[in-house]
Amino acid sequence: AIFNTILSTIGFGINNASWYERLECASEGSGPKCNVALGPPVVVRPPGPAGPPPAGSGPPPPAEGLSHEEARKMLRDANIGVVSTGDCEENRAGCTYLGGLSEAAINRIIQVDIGCSGCVTITGGTEPGHDSHGADHPGTLDIDYNDDAIPSLRGNGLLIDADFGRGATCERRIGGVARKVNCNSSPPPDHIHVEF
């Protein structure tokens, strides 16, 4: 924890991994334990001027990523369903919104779906209400839990039980709050948080 804090402070992009995992990834390349892509160092910038944003400016658009309609069309063409608790596809809590997701993430989830013969249903995207989703996380989405999804995720190079790092983290809603659980727990998880 101390090394992670120091390395994060001086600009190394640890990205939810431990320092020793980053060193292992750098020295050995991709492997079953290498679940974090090495990226550029994190640049810490001082905060901008205080005060409210200019009137009418609204939230900034995502720097990259597909529109909701583009992502939805790719999934529809691959016969992948999208559901939400509110039965809506808008950028608000309770809906499933896909705007801002990267094309690479959509293509990867399509490959997972092909690997399990159509077991993927998207249940969460970039809508508000996720601590680790949104336009800042263009490769993160939730899928409905399915026993066949786990081997297909693994077969597509994703670490299982990734603890909210790059890979798959199983969750179950307990008391209305999504909690991390082991992917082979009983009762089973209700969805899988996937980070590409």
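Heavy atoms only: backbone and side chains are in, while hydrogens, waters and symmetry mates are out. Here the structure is a predicted model, which is why all the values come from computation and not from measurement.
Residue Ala105 comes nearest to Pro138 through the heavy atom pair CB-O, 3.7 Å, listed as atom of the first residue, atom of the second, then distance. Across Ser152 and Cys116, no two heavy atoms sit closer than the pair OG-N, 3.6 Å. The two atoms that bring Leu158 and Gly167 nearest to each other are CD2-CA, 3.8 Å, heavy atoms only. Ile160 approaches Arg154 most closely through the heavy-atom pair CG1-NH2, 3.5 Å.
One distance of note links CG of Asp113 with CG of Asn79; it measures 8.0 Å at 0.5 Å rounding. Interatomic distance, CG of Asn146 versus CG of Asp148, reported as 5.0 Å (0.5 Å rounding). The distance from atom CD1 of Ile109 to atom CZ of Phe196, rounded to the nearest 0.5 Å, is 4.0 Å. Rounded to the nearest 0.5 angstrom, Cys119 SG and Ile143 CD1 are separated by 6.5 Å. Separating the CD1 atom in Ile192 from the OG1 atom in Thr169 is a distance of 10.0 Å, to the nearest 0.5 Å. The OH atom of Tyr97 sits 10.0 Å away from the CD atom of Glu90 when rounded to the nearest 0.5 Å.
Between Ile80 and Met74 the shortest side-chain heavy-atom distance does not fall below 4.5 Å. The side-chain heavy atoms of Ser102 and Ile106, taken from C-beta on, include no pair separated by under 4.5 Å. No side-chain heavy atom of Val82 sits less than 4.5 Å from a side-chain heavy atom of Thr121. In this structure, Ile122 and Val83 have side chains that are not in contact, with every pair of non-hydrogen atoms separated by 4.5 Å or more.
When each of Thr96, Leu98, Asn91 is tested with His68 by the rule side chain to side chain contact (heavy atoms under 4.5 Å, CB included), just one qualifies, namely Leu98.
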When you look at Glu127 and Arg92, which way does the salt bridge (charged side-chain N to carboxylate O under 4.0 Å, His left out) test go after all the steps?
CA-CA 5 Å; Glu127 69 278 357; Arg92 62 183 173 89; over 6 Å; no

Val194 vs Leu153, side-chain contact (heavy atoms from CB on, under 4.5 Å): CA-CA, chis, key distance, verdict
CA-CA 9 Å; Val194 182; Leu153 287 162; 4.2 Å; yes

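Crowding of Asp77 atom CG: a count of heavy atoms from other residues, nucleotides or ligands under 6.0 Å exceeding 12.
Using modelled atom types, one side-chain atom of Arg108 and one backbone atom of Asn156 make a donor-acceptor pair closer than 3.5 Å. When atom types are taken as modelled, the side chain of Asp142 and the backbone of Gly125 share no donor-acceptor pair closer than 3.5 angstrom. The main-chain N or O of Cys183 is found under 3.5 Å from a side-chain atom of Tyr145 such that the two form a donor-acceptor pair. Between the Ser84 side chain and the Cys95 main chain, no donor and acceptor come within less than 3.5 Å of each other.
Ser185 and Arg172 form a side-chain donor-acceptor contact under 3.5 Å, judged by distance and modelled atom types alone. In the model, Glu195 has a side-chain atom that pairs as donor or acceptor with a side-chain atom of His193 under 3.5 Å.
Judged as a ring-ring contact (aromatic ring centres under 6.0 Å, His included), and not counting sequence neighbours, His191 has no contacts.
The residues Glu89 and Arg72 are annotated as salt-bridged, a charged nitrogen and a carboxylate oxygen being separated by less than 4.0 angstrom. Using a 4.0 Å cut-off between charged nitrogen and carboxylate oxygen, Asp190 and Arg173 count as a salt-bridge pair.
Taking hydrophobic clusters as Ile, Leu, Val, Met, Phe, Trp and Tyr residues chained together by side-chain heavy-atom distances below 4.5 Å, Val181 does not share a cluster with Ile150.
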